[in-house]
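Positions are given from 1, in the same order as the sequence printed here.
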Amino acid sequence: MNILRYTTIAASLAVPMAVGAHDYSYVEGGYVSVDRGRDEDGGLRIAGSVPFTAAANGFAEFSDTGDFQQLSIGGQWHTQIATHLDFTAGASLEYVDSGPADDTGLGLRAGLRWLSPNGRFEVNPEIRSVEVFDDRATSLHVAGLAALSPTISAIAAVQGGDDGRVELGLRAYF
């Protein structure tokens, strides 16, 4: 009896539940303010996601605040864990150019995507960890989205911890 129960649990983690209301086909961009401890710089942020399968997507994000640029490219697994709620986990290759120095490292992230029952609001809390320059930065990133139309949402995000930032912009689904 226990073997059947554990097999069922393992299968539910390997195969996504019913396709949820979350869309992993989007591009977004806007303003970002990055606080690196010494100073705070503002600039441009562009990001996107494209589905590979029903349970996996690729993502990319680029931030440029003058003397600091960061590029993240990775893959993410996601599954619906409740109605309107997805669990996500991913890994990325990170490239950081900070003035005279640059480095390539790795990133890990895990979080949730919750969509309001009416589909107009979304909240995405996520823990992110990035290791570059032989230093690990771990932060909590929380994004909120409000639908302006069926294909456009306003997005605002705040990140705190070792890597602080604020983001404002728009997301377009395709």
Could you grab the distance from atom [atom1] of [X] to atom [atom2] of [Y], nearest 0.5 Å is fine?
X      : Y      : atom1 : atom2 : result
Ile81  : Asp86  : CD1   : CG    : 8.0 Å
Glu126 : Ser139 : CD    : OG    : 11.0 Å
Leu168 : Arg45  : CG    : CZ    : 10.5 Å
Glu28  : Glu167 : CD    : CD    : 7.5 Å
Ile155 : Leu148 : CD1   : CG    : 11.5 Å
Asp23  : Phe174 : CG    : CZ    : 8.0 Å

If you look at every heavy atom in [X] and [Y], which pair is closest and at what distance?
X      : Y      : value
Ala147 : Ser153 : CA-OG, 3.6 Å
Asp103 : Val132 : OD2-C, 3.5 Å
Arg120 : Ser116 : N-OG, 3.3 Å
Asn57  : Ser49  : ND2-OG, 2.9 Å
Arg165 : Asp163 : NH2-OD2, 3.5 Å
Thr65  : Gly43  : CG2-N, 3.8 Å

Honestly curious: do [X] and [Y] fall in one hydrophobic cluster under the side-chain, below-4.5 Å linking rule?
X      : Y      : value
Leu93  : Tyr95  : no
Trp114 : Val158 : no
Leu71  : Ile46  : no

> So, Glu61 and Arg128, do they make that salt bridge, N to O below 4.0 Å?
Replying inline: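 Salt bridge: yes.
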> Ignoring hydrogens and geometry, is there a side-chain-to-backbone donor-acceptor pair from Ser98 to Ala101 under 3.5 Å?
Replying inline: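 Not confirmed, Ser98 side chain does not pair with Ala101 backbone.
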> For Thr138, does its backbone N or O pair with a side-chain atom of Asp162 as donor and acceptor, under 3.5 Å?
Replying inline: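 Yes; at least one donor-acceptor contact below 3.5 Å.
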> Can you list the residues that meet the side chain to side chain contact (heavy atoms under 4.5 Å, CB included) rule with Glu122, with sequence neighbours excluded?
Replying inline: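 Result, side chain to side chain contact (heavy atoms under 4.5 Å, CB included) vs Glu122: His22, Arg113, Leu115, Asn124, Leu145, Arg171, Tyr173.
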>> Please enumerate all residues that pass side chain to side chain contact (heavy atoms under 4.5 Å, CB included) together with Leu140, with sequence neighbours excluded.
In response: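 Scan of Leu140 (side chain to side chain contact (heavy atoms under 4.5 Å, CB included), adjacent residues dropped) gives Ile127, Val142.
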> With a cut-off of 6.0 Å (strictly less than), are more than 12 heavy atoms of other residues, nucleotides or ligands near CG of Asp134?
Replying inline: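 No, the 6.0 Å shell around CG holds no more than 12 heavy atoms from other groups.
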> Parallel, tilted or perpendicular: which describes the rings of Trp77 and Phe87, with under 30° parallel and over 60° perpendicular?
Replying inline: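 Rings of Trp77 and Phe87: perpendicular, as their planes differ by over 60°.
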> Does Phe62 have any ring-ring contact (aromatic ring centres under 6.0 Å, His included) partners at least two apart in sequence or in another chain, and if so, which?
Replying inline: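 ring-ring contact (aromatic ring centres under 6.0 Å, His included) list for Phe62, sorted by chain: empty.
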> For the ring-ring contact (aromatic ring centres under 6.0 Å, His included) test, which of Tyr24, Phe52, Phe59 pairs with His78?
Replying inline: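 With His78 as partner, ring-ring contact (aromatic ring centres under 6.0 Å, His included) holds for just one option, Tyr24.
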